[in-house]
Visitor: 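Quick one: this structure, given as structure tokens, is what I'll be asking you about.
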Amino acid sequence: MCGIWALFGSDECLSVQCTSAMKISHRGPDAFRFENVNGFTNCCFGFHRLAIVDQLYGMQPLRIKKFPFLWLCYNGEIYNHHKLGEQLDFDYQTKMDGEVLLHLYDRFGVKKMASLLDGVFAFILLDTSNRKVCLGRDTYGVRPMFKFLTEDGFLGVCSEAKGLINVSHGLTSPTNIVAFPPGFVEIFDLKPTGKVQSIQIEEFHCCTKEPAHAMYDSVEMSTSFNEKMVKSNIKALFENAVKKRLMAHRRIGCLLSGGLDSSLVAATLVKLATEEKLPYPIQTFSIGTDDSPDILAARKVAAHIGSEHHEVNFSIEEGIEAVEEVIFHLETYDITTIRASVGMYLLSKYIRQKTDSVVIFSGEGSDELTQGYIYFHKAPSPKAAAEESVRLMKELFLFDVLRADRTTAAFGLELRVPFLDHRFTAYYMSLPEEMRIPKNGVEKHLLRDAFKGLNLIPDEILWRRKEAFSDGLTSLKKSWYTSLQEHMESVVNDDLMEKAHKTFPHNPPRTKEAYFFRQVFEKQYPGRAQWLSHYWMPRWINATDPSARTLTIYKPVKDQ
């Protein structure tokens, strides 16, 4: 996990521009480098490093003797770099997982290079011999990347939008900063002036298709849709997804909410860490109020799997106090994203300050993939449910994946999400639609059933009903979101709400809570409301709030 930043064709002296690169210093607290590009006086890279792999040669932009004309700045982890090196006979000169990008690019070009990467990544690749700049981002956008391109060809790229807002340029109006689309690569021609022209943007992988790198993977799978074989494949692919993510020279820990997803990740992680003989116990981390369902469930799981468990006590006042900082890091005003981020932000702060765990596993992506949201019970058909699952997967970078990256990156932690493993997700989405829908009134039935009878996690957790993270961290008597809403009653007056549609014509807020979030966002990022295309909301239900607890089909734990 790092912070990447680059300018091509800067309109202003680079020594002035480089202050913008410092806006993302939290992403890489271990080292910083700012480097001009030889022969192009107005092009440069900025890099903030979190050292996870190859302490000696891990600084970027990465350059090696074999390809002196290539410059690489990337944020991510490439889990199959050893396998690709062996299969394709690459002569690596460092221990950096990202070095494989240089070899793949030289041999195959940028599109095939990106398609062969098993991992999460956002990259900026400069090829001075062919005068090309290439950008790319992983399938689900687990690693963030933003860009702007002015009419005269000035290109700015950064891990977070905040690193581009104050970049000086020759335009009278603000630049249009956009999220780089997940699963795509873009190629630019680099002119002698350092300015660029986009010549190609192309999708290299879609989440429903098996990834090209699967041909180099060692996990064998049955092609039968027999239920027993399917469950066997799910277990094998999931365990492999966790195993490949053990690649690290820093201590590994795991977020544990006590829900199905984080519990499966934590239990599998502890099991594999023992088998791989990691020299330390796995630390697990949960956050909540004293009587929150999450705290109690996580405690049971941690005792069952034998992790070194940490609990962070969360007060409503602390949460409300953190909201402005959280919105600054998130760069969004989406309601459920902000609610869920506060707990994760405070938990990440604790991990950074009180422990030496740096690589953090989490259960993100499972709900979207395995139809885990409660509203899936109301899907009109298995086909509609499957299509909704694909839509959610494609929008992860706007919501859950954005939350998970920014809240951990705010404190220099590296997030790993095994449920978003390319082979695992492609396989799960290839299964018959009827197999994936909720069954017997239980969402994610197939996933739960696949791990039944293994004693990996307690049975009551394996079959625990979905509880949104922002709901589960406070008590059943009073949700975190109701406390937030009560607080906003006194902060936002009725007159402001009446004019909300005129004040904020794009995505107008419908509640005082949403209005407050929007106000904070506009103060920090004025005129950037278009970064969020729409609010996250349940489908097929007349929902006015994203919280599961507001839905008529929600049943508290005691009623299940």
Side-chain angles (χ1 to χ4, degrees), residues 162 257 287-295 312-350 399 402-403 406-407 410 467-529 531-532 534-538 541-552 554 556:
K162 57 180 70 67
S257 72
I287 185 166
T289 55
D290 290 334
D291 58 345
S292 82
D294 280 3
I295 281 279
V312 176
N313 203 274
F314 164 84
S315 74
I316 299 301
E317 294 71 31
E318 261 183 300
I320 289 168
E321 207 175 292
V323 166
E324 294 207 22
E325 282 174 43
V326 165
I327 293 172
F328 170 75
H329 281 285
L330 292 178
E331 302 174 336
T332 188
Y333 50 91
D334 179 64
I335 303 156
T336 192
T337 303
I338 294 166
R339 284 179 189 168
S341 293
V342 170
M344 204 162 173
Y345 179 83
L346 294 172
L347 191 53
S348 298
K349 186 178 188 176
Y350 170 89
F399 303 110
L402 179 146
R403 162 180 55 77
R406 300 313 163 73
T407 53
E467 183 79 85
F469 180 51
S470 56
D471 294 337
L473 55 81
T474 46
S475 76
L476 286 170
K477 295 193 240 14
K478 192 169 185 182
S479 282
W480 159 230
Y481 81 89
T482 49
S483 300
L484 260 176
Q485 287 170 340
E486 282 174 13
H487 175 74
M488 299 315 166
E489 275 298 322
S490 60
V491 177
V492 178
N493 66 44
D494 295 338
D495 291 348
L496 289 173
M497 285 307 299
E498 275 178 33
K499 298 175 194 153
H501 277 74
K502 288 182 180 171
T503 313
F504 304 118
H506 178 74
N507 287 334
R510 298 206 171 116
T511 64
K512 290 186 175 182
E513 178 195 18
Y515 194 100
F516 177 76
F517 292 163
R518 184 63 171 271
Q519 267 187 324
V520 172
F521 175 85
E522 291 290 345
K523 187 171 78 179
Q524 295 172 343
Y525 303 108
R528 304 290 182 175
W531 287 349
L532 181 66
H534 59 283
Y535 289 111
W536 192 100
M537 240 358 140
I541 273 175
N542 189 19
T544 54
D545 188 282
S547 168
R549 287 191 186 178
T550 64
L551 304 181
T552 52
Y554 173 77

Visitor: Taking ring pair (Phe, Tyr, Trp, His ring centres under 6.0 Å) as the definition, give me every residue that meets it alongside Phe516, ordered by chain and number, with sequence neighbours left out.
Guide: none
Visitor: Is any side-chain heavy atom of Tyr333 less than 4.5 Å from a side-chain heavy atom of Val520?
Guide: no
Visitor: Check for a donor-acceptor pair, side chain of Ser315 on one end and backbone N or O of Glu318 on the other, with a separation under 3.5 Å.
Guide: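 Between the backbone of Glu318 and the side chain of Ser315 there is a qualifying donor-acceptor contact (under 3.5 Å).
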Visitor: side-chain hydrogen bond (donor to acceptor under 3.5 Å, both in side chains) with Glu331: which residues, sequence neighbours excluded?
Guide: Lys162, Arg406
Visitor: Using the test side-chain hydrogen bond (donor to acceptor under 3.5 Å, both in side chains), find all partners of Glu324 that sit at least two apart in sequence or belong to another chain.
Guide: Lys523
Visitor: Can a donor-acceptor pair be found, under 3.5 Å and without considering hydrogens, that links the side chain of Tyr481 to the backbone of Arg339?
Guide: no
Visitor: Identify the two heavy atoms, one from Ala322 and one from Val342, that lie closest to each other, and give their separation to 0.1 Å.
Guide: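 Shortest heavy-atom separation between Ala322 and Val342 comes out as CB-CG1, 4.5 Å.
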Visitor: Which residue pairs satisfy the side-chain hydrogen bond (donor to acceptor under 3.5 Å, both in side chains) criterion with at least one member in residues 492-501, sequence neighbours excluded?
Guide: Asp494-Lys512
Visitor: Partners of Tyr525 by side-chain hydrogen bond (donor to acceptor under 3.5 Å, both in side chains), sequence neighbours excluded?
Guide: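 Here no residue qualifies.
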Visitor: Report the C-alpha distance between Ile338 and Leu330 in whole Å, list the side-chain angles of each, state the deciding distance to 0.1 Å, and finish with yes or no for side-chain contact (heavy atoms from CB on, under 4.5 Å).
Guide: CA-CA 8 Å; Ile338 294 166; Leu330 292 178; 3.9 Å; yes
Visitor: Please confirm whether the backbone N or O of Phe399 pairs with a side-chain atom of Asp334, one donor and one acceptor, at under 3.5 Å?
Guide: no
Visitor: Could you work out, with side-chain hydrogen bond (donor to acceptor under 3.5 Å, both in side chains) as the rule, every residue matching His506, not counting sequence neighbours?
Guide: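 None.
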Visitor: So which heavy atom on Tyr535 is nearest to which on Pro508, and how close?
Guide: CE1-O, 4.0 Å
